[in-house]
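Given the structure is predicted, the values throughout are model-derived calculations rather than measurements. Lettering follows sequence order; numbering is per chain, from 1.
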Amino acid sequence: MFTSASIKELEKIRAKYPTSRAALLPAIYIAQREFGWLSPEAYEAVADILEVPKATVRGVATFYAMYKQRPIGRHLIQLCTNVSCMILGAEKLVDFLKNSYGIVPGGVSSDGRYSLVIMECIGACGTAPAMLVNDDFYEDLTEKYIAEILDKYK
Amino acid sequence: MESLLLKNIDNPASAEIGEYRKTGGYQSLAKAVEMEPKQIVDEVKKAGLRGRGGAGFPVAMKWTFASADPKFPKYLLCNADEGEPGTFKDRPILEKNPHLLIEGMAISGHALKAEYGYIYLRGEYPAAKHILEKAIQQAYEENMLGSNILGKGIKFHLAVHQGAGAYICGEETALIESLEGDKGQPRIKPPFPVNVGVFSRPTVVNNVETLSNLPCIIGMGGEAYSKIGTPDCPGPKIFCISGHVEKPGVYELPMGTKLRDIIYTHCGGIKGGKKLKAVIPGGISTPVLPPDKIDCPMDFVNMPKHGSMLGSGAVIVMDDSVCMVRVCHRALRFFEHESCGKCTPCREGTGWLRAILGRIEEGEGMEGDIDMLLAVAANMLGKTFCPLGDGAASVVQNFIRYFRPEFEEHIKARKCTVNG
């Protein structure tokens with residue numbers, strides 16, 4: 001079940017579209033925010049509120065990379081390793097995260113603080129290498145800079 | 001050249017409607033609401049505007065098709081799913097100049113008699129979502145959007161729809177599927193979106209940069225606009241340059257600026273005075289070029305004559321420390337990940353190309369691998385639902401076309417011969 005605040009938010013979103021099905025992607029985002037990841041309960045909540053079969057919700061959600069099928073850490077690191085970032089050293093930064101923080105791509109740190117996802121271009125190629133931590137962009141990354149940034153996310 | 005699309009982006013308050021209006025913002029919309037829809041389409045035709053998403057399709061032609069369809073309501077979708085690796089040209093408009101886009105969409109909506117618009121924004125731009133939503137709200141408050149725009153009885157409603165990390169949704173029919181709440185898999189064409197688009201209604205899908213040209217065209221008139229750039233591809237173009245140049249970033253330059261001038265004049269040349277090895281001129285899906293092929297005017301008509309494409313204007317510059325096998329492999333990892341799985345040549349082909357390139361890079365390449373890569377690529381090209389498969393195949397073909405000895409050396413030496 002969604003909280004009443006989320007139900008209200010979703011009603012507003014639904015009003016923007018001629019069909020309730022079109023509100024599916026935003027609804028999955030809200031479920032993810034509320035349940036932390038797309039747990040069976042999260043799927044159920046989306047299916048109930050939009051009156052869409054659970055299998056359909058799951059079919060759609062699993063297509064998209066940004067919907068989380070597993071619990072994630074408190075902070076989500078999304079590091080780009082596509083070509084512009086790669087040629088400026090992004091893959092060394094993946095090794096740095098593994099060696100210094102014990103986080104592997106697709107994994108969660110043992111203290112549950114960080115999750116790492118490797119991204120396919122986040123549109124910060126002119127200031128590569130780059131990453132997002134939660135909703136914040138960080139660019140021109142170095143190992144030292146990453147250490148400073150991650151320190152802020154407790 | 002005076003900046004038209006990136007005007008004011010250095011002003012920290014550039015996303016505010018008040019700041020935008022101070023420098024003439026929304027005056028083109030005021031002019032447009034006094035015009036008949038057909039007059040606006042005629043100005044766009046005179047301007048010679050081509051779509052900036054990569055295909056370069058004439059905008060007025062697309063609009064005319066949608067206008068000719070008798071079904072209502074019509075929809076205008078802005079493709080802000082900027083996902084082509086190397087591309088970051090729309091982000092400054094979305095984050096710093098959102099009202100330019102909103103004004104462009106309101107003008108376009110009037111031209112198309114479209115009453116509803118959506119900005120399909122990639123999930124990877126969370127900051128842009130908040131900025132756009134705030135800007136849209138401001139535009140409603142000042143009557144630039146809504147049911148009675150500027151008191152002229154014109155209706156255009158606009159909302160942001162956030163994607164969730166699927167490159168394929170930049171393809172217009174996949175974008176439509178995704179907006180309708182489905183997996184972002186392309187539809188077979190025809191019917192084209194201009195007749196049967198989102199919610200089965202006539203739909204125009206245009207890129208952020210394309211729509212952002214509308215205030216300039218209406219402001220200065222199509223005739224004057226057409227004098228910017230080249231005769232076949234008029235207008236300003238936002239180029240985004242990344243990789244090994246001294247000054248990477250976004251540059252608004254006339255369409256048709258030579259690739260060499262972009263790299264050496266505007267971006268200050270190769271970083272650290274190193275040697276240029278390769279350039280991907282229009283985002284990762286466009287054919288790579290060697291250093292002796294960069295004297296080409298960057299526009300939709302001239303680039304194909306020089307063996308590549310303008311694409312999104314995303315220039316990736318690589319110096320001689322970069323291994324071409326590695327870049328090609330990384331590109332194919334991307335295409336395999338982003339293939340939507342709908343059609344077999346792309347779903348299977350991208351995986352096989354990635355696997356063969358991977359073993360060459362890891363020193364396990366076999367004799368005949370290069371020919372096998374070319375055979376797989378040839379079996380994909382022109383045989384897929386959408387251009388993603390073509391992109392993947394042509395990336396492999398062109399890396400091998402210009403850098404075949406490097407692939408051969410990798411196989412022979414059983415290791416990377418560029419970085420040891």
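A salt bridge is defined here as a Lys NZ or Arg NE, NH1 or NH2 lying under 4.0 Å from an Asp or Glu carboxylate O, and A:E91 with B:R333 meets this definition.
Taking 4.5 Å as the limit, some side-chain heavy atom of A:M86 sits within range of a side-chain heavy atom of B:R326. Between B:E177 and A:F63, every side-chain heavy-atom pair lies at or beyond the 4.5 Å cut-off. A heavy-atom distance below 4.5 Å is not found between the side chains of A:C125 and B:I316. Counting only heavy atoms from C-beta outward, the side chains of A:K16 and B:H157 never approach each other to under 4.5 Å. Between A:I118 and B:H337 the shortest side-chain heavy-atom distance does not fall below 4.5 Å. Using a 4.5 Å heavy-atom cutoff, the side chains of B:E180 and A:L24 are not in contact.
Using a 4.5 Å cut-off between heavy atoms, A:L132 touches chain B through its side chain atoms alone. Residue B:V317 touches chain A through its backbone alone, counting heavy-atom pairs closer than 4.5 Å. Residue B:F199 touches chain A through its side chain alone, counting heavy-atom pairs closer than 4.5 Å. Interface residue B:K271: only side-chain heavy atoms are found under 4.5 Å from chain A. Contacts between B:C169 and chain A at a heavy-atom distance below 4.5 Å involve the side chain alone, from C-beta outward. Of the two parts of B:V322, only the side chain, counted from C-beta on, holds a non-hydrogen atom closer than 4.5 Å to a non-hydrogen atom of chain A. If you measure heavy-atom distances from B:V160 to chain A, the contacts under 4.5 Å come from the backbone alone. Within the 4.5 angstrom heavy-atom criterion, no atom of B:F335 approaches chain A. If you measure heavy-atom distances from B:L179 to chain A, the contacts under 4.5 Å come from both the backbone and the side chain. Looking at B:Y167, neither its backbone nor its side chain comes within 4.5 Å of chain A, counting heavy atoms on both sides. If you measure heavy-atom distances from A:A27 to chain B, you find no contacts under 4.5 Å at all.
Between chain B and the residues A:L50, A:V83, A:I87, A:T19, the most heavy-atom pairs under 4.5 angstrom are made by A:I87. Looking only at heavy-atom pairs under 4.5 Å with chain A, the residue among B:P126, B:P248, B:P73 that has the most is B:P126. Comparing B:G249, B:G163, B:G341, B:A331 by heavy-atom pairs within less than 4.5 Å of chain A, the highest count is held by B:G163. Among the candidates A:T62, A:T81, A:N134, the residue making the largest number of heavy-atom pairs closer than 4.5 Å to chain B is A:T81. Ranked by heavy-atom pairs shorter than 4.5 Å toward chain B, the options A:A65, A:S84, A:A128, A:G123 are led by A:G123. In terms of non-hydrogen atom pairs under 4.5 Å with chain A, the most contact-rich of B:A127, B:G165, B:A164, B:S178 is B:A164. With respect to chain A, the highest number of heavy-atom pairs below 4.5 Å among B:M318, B:E84, B:K89, B:R122 belongs to B:R122. Among B:A159, B:C240, B:G86, B:A166, the residue with the largest count of heavy-atom pairs under 4.5 Å with chain A is B:G86.
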### Message
Between B:I284 and A:E120, does the side-chain contact (heavy atoms from CB on, under 4.5 Å) criterion hold? Intermediate values first, please.
### Response
CA-CA 11 Å; B:I284 202 138; A:E120 296 292 357; over 6 Å; no
### Task
Go through the steps for A:C121 and B:T87 under the test side-chain contact (heavy atoms from CB on, under 4.5 Å), then give the verdict.
CA-CA 8 Å; A:C121 197; B:T87 313; over 6 Å; no
### Task
With side-chain contact (heavy atoms from CB on, under 4.5 Å) as the test, would you mind laying out the steps for A:D135 and B:H130 before giving the verdict?
CA-CA 11 Å; A:D135 281 357; B:H130 300 300; 4.3 Å; yes
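Residue-environment remark: NZ (B:K74) exceeds the threshold of 12 foreign heavy atoms within 6.0 Å. In A:R33, the CZ atom is crowded: over 12 heavy atoms of neighbouring residues, nucleotides or ligands sit closer than 6.0 Å. The environment of NZ in A:K12 is sparse: at most 12 heavy-atom neighbours from other residues, nucleotides or ligands sit within 6.0 Å. Within 6.0 Å of the CD atom in A:E51, the count of heavy atoms belonging to other residues, nucleotides or ligands does not exceed 12. More than 12 non-hydrogen atoms from other residues, nucleotides or ligands lie less than 6.0 angstrom from NZ of B:K71.
Checking side-chain atoms of A:Y64 against main-chain N and O of B:G184 turns up a donor-acceptor pair under 3.5 Å.
Shown here for B:H161 and A:Y17, the closest heavy-atom pair between the two residues is ND1-OH, 2.5 Å. Closest non-hydrogen pair, A:I122 versus B:Y125, comes out as O-CE2, 3.3 Å. Closest approach of A:A124 and B:R91 over heavy atoms only: CB-NH1, 3.6 Å. B:E124 approaches A:F137 most closely through the heavy-atom pair O-CZ, 3.6 Å.
To the nearest 0.5 angstrom, A:N82 atom CG is 9.5 Å from B:S242 atom OG.
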